[in-house]
Asker: 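Below you will find the structure I want to go over with you.
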Amino acid sequence: MVKYFCCAGLLKNTWDQVCVAYWQRYPNPYSNHVLTEDIVFREVTPTNCLISRRLLTKTSRAPRWMERYLPKHMASSAYIIEDSIVDPQKRTMTTLTWNISHARLMSVEERCEYRINPENGSWTEIKREAWISSNVYGLSRAIQEFGLARFKTSVTKTMKGFEYVLAKMQGETPSRTLAETATERARETALAAKEKAKDLASQAQKKQYV
C-alpha cells in the first residue's frame, strides 16, 4: 500500500525568476539539513529542454524506534536523487526526487511541476505530489504515517526557503527566520533583565546609605 499526498503552492514571482532561484536554493536558513549538492549530468535536448540530475546529501534523523533497522552510519544521513526538466517553450519545470538511502525501509518519491499561474502571469504555481511506501512487515503503516508527517513539514520549510532566496535575489530584505526572531527577543529580554538588576542593585545600595 502507498500513501499519496498532493498539494498546490503559489510563488508571487515570475516563472523565469523561480527557475533561476531553483538552482540557488541552497543554502538558506530553512535548509540546514541539506549538506551537499552535486550535478551528476546536465544536457540540453534538441528541443532546447534542460535536463539535469543531481545528488543531494541531507541529514535525516530517524526516530529511535526506526534506528534499530538502520546501520549506524546511515541513521543520520540520506542520499537523494533529483531529476529535472526545464521546458522553455511550454514554460514548465518538472522535478522528480526520490531517496536511494533507506529505500527498503521507506521510499519517498516527489514530483513537482512549476508553471505560470493562469490567473496572474507574473506568478508561478506549483503542483506537488508524493508517494510514500514501506515494505517492512507489520510496521509499514506506521512508517508511512511518519514519512507523510515529515514530508508535510518539509514542504512548509521548502516554500519558506524558496521565498527567502527569491527575496534575496531581488534585493529585498528576506523575512527573518523564527530562530533569528527568537534570538533577538532573547537578547532583548536578557538586556532588559540586566538593566533591571542594575536598578535594583543601585536602589539597594542607596538604602544602605540612608
Asker: For Tyr164 and Tyr30, take the angle between the two ring planes, folded into 0 to 90°, and tell me which bin it lands in: parallel under 30, tilted 30 to 60, perpendicular over 60.
Answerer: perpendicular
Asker: Do Ile116 and Val86 belong together in a cluster built from hydrophobic side chains that touch within less than 4.5 Å?
Answerer: yes
Asker: Give the cluster check for Val2 versus Phe146: same hydrophobic cluster or not, with ILVMFWY residues linked at side-chain heavy-atom distances below 4.5 Å.
Answerer: no
Asker: Please list, chain by chain and in numerical order, all residues satisfying side-chain hydrogen bond (donor to acceptor under 3.5 Å, both in side chains) with Thr153, sequence neighbours excluded.
Answerer: none
Asker: Does anything in residues 16-30 form a salt bridge (Lys or Arg N to Asp or Glu O under 4.0 Å)? List the pairs, not counting sequence neighbours.
Answerer: Asp16-Arg91, Arg25-Glu82
Asker: Once rounded to the nearest 0.5 Å, what's the spacing between atom NZ of Lys58 and atom CD of Glu37?
Answerer: 10.0 Å
Asker: Take atom CG of Asn135 as the centre, draw a 6.0 Å sphere, and report whether it contains more than 12 heavy atoms from other residues, nucleotides or ligands.
Answerer: no
Asker: Are Ile143 and Phe5 connected in a single hydrophobic cluster, I mean Ile/Leu/Val/Met/Phe/Trp/Tyr linked by side-chain heavy atoms less than 4.5 Å apart?
Answerer: yes
Asker: Measure the spacing between NZ of Lys90 and SG of Cys49 and express it to the nearest 0.5 Å.
Answerer: 7.5 Å
Asker: Measuring from Phe151:CZ to Thr156:OG1, what's the distance to the nearest 0.5 Å?
Answerer: 10.0 Å
Asker: For Ile100, what are the other residues in its hydrophobic cluster, where any two members join if their side-chain heavy atoms are less than 4.5 angstrom apart?
Answerer: Val40, Phe41, Ile51, Leu55, Tyr79, Ile81, Ile85, Leu96, Trp98
Asker: For a quick test of reading the model, state the closest non-hydrogen atom pair linking Thr92 to Arg115 and the distance between them.
Answerer: CG2-NH2, 3.5 Å
Asker: I'd like to know if Met106 and Tyr4 are part of one continuous hydrophobic network [Ile/Leu/Val/Met/Phe/Trp/Tyr, side-chain heavy atoms within less than 4.5 Å].
Answerer: no
Asker: What pairs with Glu145 under side-chain hydrogen bond (donor to acceptor under 3.5 Å, both in side chains), at least two apart in sequence or on another chain?
Answerer: Lys3
Asker: Going by salt bridge (charged side-chain N to carboxylate O under 4.0 Å, His left out), name the residues that satisfy it together with Asp87, two or more places apart in sequence or in a different chain.
Answerer: none
Asker: Does CZ in Arg141 sit with more than 12 non-hydrogen atoms of other residues, nucleotides or ligands closer than 6.0 Å?
Answerer: no
Asker: What pair of heavy atoms forms the shortest contact from Gln17 to Met169, and how long is it?
Answerer: O-CE, 4.1 Å
Asker: Nearest 0.5 Å please: distance from the CZ atom of Arg128 over to the SG atom of Cys6.
Answerer: 10.0 Å
Asker: Could you pull out the closest heavy-atom pair between Lys12 and Trp123, with the gap in Å?
Answerer: CA-CD1, 3.5 Å
Asker: Taking all heavy atoms of Asn32 and all of Asn28, pick out the closest pair and write down the distance.
Answerer: OD1-O, 4.0 Å
Asker: Partners of Thr124 by side-chain contact (heavy atoms from CB on, under 4.5 Å), sequence neighbours excluded?
Answerer: Trp15, Val18, Tyr114
Asker: Could you check Asn99, Ile80, Thr97 and say which one makes a side chain to side chain contact (heavy atoms under 4.5 Å, CB included) with Val108?
Answerer: Asn99
Asker: Classify the side-chain pair Ser134/Gln144 by whether it contains a donor and acceptor separated by less than 3.5 Å.
Answerer: no
Asker: With rounding to the nearest 0.5 angstrom, report the CD to CG distance, Gln170 to Leu166.
Answerer: 6.0 Å
Asker: With rounding to the nearest 0.5 Å, note down the distance linking OG1 in Thr95 to OH in Tyr22.
Answerer: 4.0 Å
Asker: Of all the heavy-atom pairs spanning Met159 and Leu11, show the shortest one and how long it is.
Answerer: CE-CD2, 3.8 Å
Asker: For the residue pair Ser84 and Arg54, establish whether any side-chain heavy-atom pair is separated by less than 4.5 Å.
Answerer: no
